[in-house]
K.L.:
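This structure is in structure tokens; I'll ask about it shortly.
So you know, we letter chains A, B, ... as the sequences are listed, proteins then strands, and number each from 1. As the structure is a computational prediction, the values presented were derived from the model and not from experiment.
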Protein chains: 2
Amino acid sequence: MSSRNNECEIIHAGIVEIVRAKMYAEPVLAEVSALFKIMGDSTRCNILCALSQHEMCVCALAVLLNMTKSAISHQLRILREANLVRSRREGKNVFYSLDDDHVRDIFGKAAEHVIEKKK
Amino acid sequence: MSSRNNECEIIHAGIVEIVRAKMYAEPVLAEVSALFKIMGDSTRCNILCALSQHEMCVCALAVLLNMTKSAISHQLRILREANLVRSRREGKNVFYSLDDDHVRDIFGKAAEHVIEKKK
DNA sequence: ATTATAGTTGAACAAGTATTCAACTGTCAA
DNA sequence: TTGACAGTTGAATACTTGTTCAACTATAAT
């Protein structure tokens, strides 16, 4: 009863279709992975973590993270274009803050995971 | 590295110290960003999403995602080393499943964020 | 107007990475 | 033992990306 087709494909075809039907739609998955990709850089993670405490200007973030304003600004642009942070000008300063409470939630869950895993 | 007598540093020094005191410890932040980095690839995101529905063997994942077994296996190794998935051999097949419910949570929050943002 | 500080931007470089390819191991059946 | 299928692995390639550097804009004060 052998076949030239892939055995595994035949045997597990049911599972493949069941899982496919329950998965998030492709556009959603693409955006989810894009979101994680943006959060998956240590500089941006630090920025998000800082902004989840208080709004800050570029210069203050640069001091906090011991990096150049340029490097911070580049990363802030990425976060801004992803609608994760929002900016507000006040005189010479541009203050950034979190644009969405979901970010705080996602961040919290991840930190919880990491901390609990350490034990 | 901005400058030593930076006006902003002086003006916002208070905020910097307050935020620094409230931020997650550096090792935690490093692991959090590492976690997001791992989840921030569309192939791995698809794998995690699939495994959050049902355990699957490499071959089935390859069929589901229309990729080579080699490519899937490489990504599974990364997920395994991060303790996000676990493997179990059964005859010729190796079945993978989520190693942690946190992943499902984090994933869910992110999807919620994306879906709500679309409106 | 000039000067100083805050912030942005584009190009370039260095470092990282996902997939492919080919060769390999492990398991099972004939 | 041989052949077939499931899965893994290392090297190579092509692509992505974070930071630096230098030049730029914007705002405010002298």
Side-chain angles (χ1 to χ4, degrees), chain A residues 1-13 15-16 30 33-34 36-47 55-82 85-96, chain B residues 1-13 15-16 30 33-34 36-47 55-82 85-96:
Chain A
M1 204 55 79
S2 62
S3 148
R4 21 191 44 267
N5 282 338
N6 194 313
E7 281 291 326
C8 182
E9 179 170 4
I10 294 168
I11 294 169
H12 304 298
I15 288 299
V16 168
S33 69
F36 285 135
K37 182 174 241 165
I38 287 173
M39 297 179 83
D41 170 75
S42 92
T43 297
R44 290 192 292 267
C45 242
N46 273 279
I47 291 174
E55 71 165 7
M56 295 180 83
C57 64
V58 178
C59 188
L61 282 167
V63 171
L64 175 67
L65 304 183
N66 195 36
M67 294 176 68
T68 65
K69 284 178 289 184
S70 176
I72 298 288
S73 186
H74 276 296
Q75 298 308 326
L76 282 170
R77 189 172 66 84
I78 293 171
L79 293 170
R80 203 181 336 112
E81 286 175 355
V85 305
R86 138 187 35 161
S87 64
R88 163 179 84 77
R89 171 147 234 144
E90 186 179 311
K92 281 187 290 186
N93 294 302
V94 177
F95 287 92
Y96 283 83
Chain B
M1 113 155 285
S2 306
S3 74
R4 42 222 163 225
N5 247 343
N6 194 311
E7 279 290 327
C8 181
E9 178 172 3
I10 294 167
I11 293 171
H12 303 298
I15 287 299
V16 168
S33 68
F36 285 135
K37 181 173 243 167
I38 286 173
M39 297 179 83
D41 170 76
S42 95
T43 297
R44 290 191 292 267
C45 240
N46 272 279
I47 291 174
E55 71 165 6
M56 294 180 83
C57 65
V58 178
C59 188
L61 282 166
V63 171
L64 175 66
L65 304 182
N66 195 35
M67 293 177 68
T68 65
K69 282 177 291 184
S70 175
I72 298 288
S73 185
H74 275 297
Q75 298 308 325
L76 281 170
R77 190 173 64 85
I78 292 171
L79 293 170
R80 203 180 338 112
E81 285 176 354
V85 304
R86 143 187 29 161
S87 64
R88 163 178 85 78
R89 173 149 232 146
E90 186 179 312
K92 282 189 288 187
N93 294 301
V94 177
F95 287 93
Y96 282 83

K.L.:
With 3.5 Å as the limit, what N/O pairs link the protein to nucleotides 24-30 of chain C?
P.N.:
none

K.L.:
Got a list of protein N/O to nucleotides 13-18 of chain C N/O distances below 3.5 Å?
P.N.:
unit_1	atom_1	unit_2	atom_2	d
C:dA18	OP1	B:R44	NH2	3.1
C:dA18	OP2	B:R44	NH1	3.2

K.L.:
Over how many whole Å does the gap from B:F95 atom CZ to D:dG7 atom P extend?
P.N.:
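Rounding to the nearest Å, CZ of B:F95 and P of D:dG7 are 8 Å apart.
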K.L.:
Using modelled atom types and a 3.5 Å cut-off, is there a donor and acceptor pairing between side-chain atoms of B:D41 and backbone atoms of B:T43?
P.N.:
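Answer holds: yes.
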K.L.:
Does A:G40 or B:C57 map to a spot on DNA chain D nearer the 5' end, using the closest nucleotide for each?
P.N.:
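Between the two, 5'-proximity favours B:C57.
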K.L.:
What is the distance from atom OG of B:S87 to atom CD of B:E55, rounded to the nearest 0.5 Å?
P.N.:
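It is 11.0 Å, given to the nearest 0.5 Å.
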K.L.:
When rounded to the nearest 0.5 angstrom, what distance separates CD1 in A:I15 from CG in B:L64?
P.N.:
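Interatomic distance, A:I15 CD1 to B:L64 CG, rounded to 0.5 Å: 11.0 Å.
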K.L.:
A:Y96: which residues meet the ring pair (Phe, Tyr, Trp, His ring centres under 6.0 Å) condition with it, sequence neighbours left out?
P.N.:
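By the ring pair (Phe, Tyr, Trp, His ring centres under 6.0 Å) rule, A:Y96 matches no residue at all.
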K.L.:
Can a side chain N or O of B:Y96 be found less than 4.0 Å away from OP1 or OP2 on D:dA6?
P.N.:
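So the side chain of B:Y96 is outside the cut-off, no N or O lying under 4.0 Å from OP1 or OP2 of D:dA6.
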K.L.:
In whole angstroms, how far is the P atom of C:dA6 from the CD1 atom of B:I15?
P.N.:
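Taking atom P of C:dA6 as the reference, CD1 of B:I15 is at 16 Å.
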K.L.:
Check the distance between D:dT17's C1' and B:F36's CZ and give it to me in whole angstrom.
P.N.:
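Result: 19 Å.
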K.L.:
In chain order, what residues pass the side chain to side chain donor-acceptor pair (under 3.5 Å) check against B:R89, with sequence neighbours excluded?
P.N.:
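Testing B:R89 for side chain to side chain donor-acceptor pair (under 3.5 Å), a comparison that skips the adjacent residues, returns none.
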K.L.:
Calculate, to the nearest 0.5 Å, the distance between atoms SG and CD belonging to A:C45 and A:Q75 respectively.
P.N.:
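Atom-to-atom, A:C45:SG and A:Q75:CD are 11.5 Å apart.
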K.L.:
Expressed as a whole number of angstroms, how long is the span from A:N66:CG to D:dT19:P?
P.N.:
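A:N66 atom CG is separated from D:dT19 atom P by 12 Å.
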K.L.:
Could you tell me which residues satisfy side-chain contact (heavy atoms from CB on, under 4.5 Å) with B:E81, sequence neighbours excluded, listed by chain and number?
P.N.:
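Checked B:E81 against side-chain contact (heavy atoms from CB on, under 4.5 Å); matches are B:R77.
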K.L.:
Taking the side chain as every heavy atom from C-beta outward, state whether A:I47 and A:M56 have any pair of such atoms under 4.5 Å apart.
P.N.:
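The answer is no, as the side chains (C-beta and beyond) never meet within the 4.5 Å cut-off.
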K.L.:
Using nucleotides 10-15 of chain D, report all nitrogen or oxygen pairs with the protein that are shorter than 3.5 Å.
P.N.:
unit_1	atom_1	unit_2	atom_2	d
D:dG10	O6	B:H74	NE2	2.8

K.L.:
Nearest heavy-atom pair of B:I38 and B:R44: which atoms, and what distance?
P.N.:
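In terms of heavy atoms, the two residues are closest at O-NE, 2.6 Å.
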K.L.:
Check the phosphate of D:dT20 against A:T68, side-chain N and O only, distance under 4.0 Å to OP1 or OP2. Yes or no?
P.N.:
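Answer is yes, contact under 4.0 Å.
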K.L.:
Would you give the length of the straight line joining atom NZ of A:K37 to atom NZ of B:K37, rounded to the nearest 0.5 angstrom?
P.N.:
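Between A:K37 NZ and B:K37 NZ, I get 10.5 Å after rounding to 0.5 Å.
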K.L.:
Rounding to a whole Å, what distance do you find between A:I72:CD1 and D:dT19:C1'?
P.N.:
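After rounding, the gap between these two atoms is 11 Å.
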K.L.:
Look at the side-chain N and O atoms of B:N93 and state whether any lies under 4.0 Å from the OP1 or OP2 oxygen of D:dG7.
P.N.:
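Yes, because at least one side-chain N or O of B:N93 sits under 4.0 Å from OP1 or OP2 of D:dG7.
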K.L.:
Is there a side-chain contact between A:L76 and A:L61 (heavy atoms, below 4.5 Å)?
P.N.:
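Yes, at least one pair of side-chain atoms sits under 4.5 Å.
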K.L.:
Tell me the interatomic distance from B:E81, atom CD, to D:dT9, atom P, rounded to whole angstroms.
P.N.:
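Spelled out: CD on B:E81 to P on D:dT9 is 9 Å.
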K.L.:
Measure the distance from NZ on A:K69 to C1' on D:dA26 and round it to the nearest whole Å.
P.N.:
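In whole Å, D:dA26 C1' and A:K69 NZ are 13 Å from each other.
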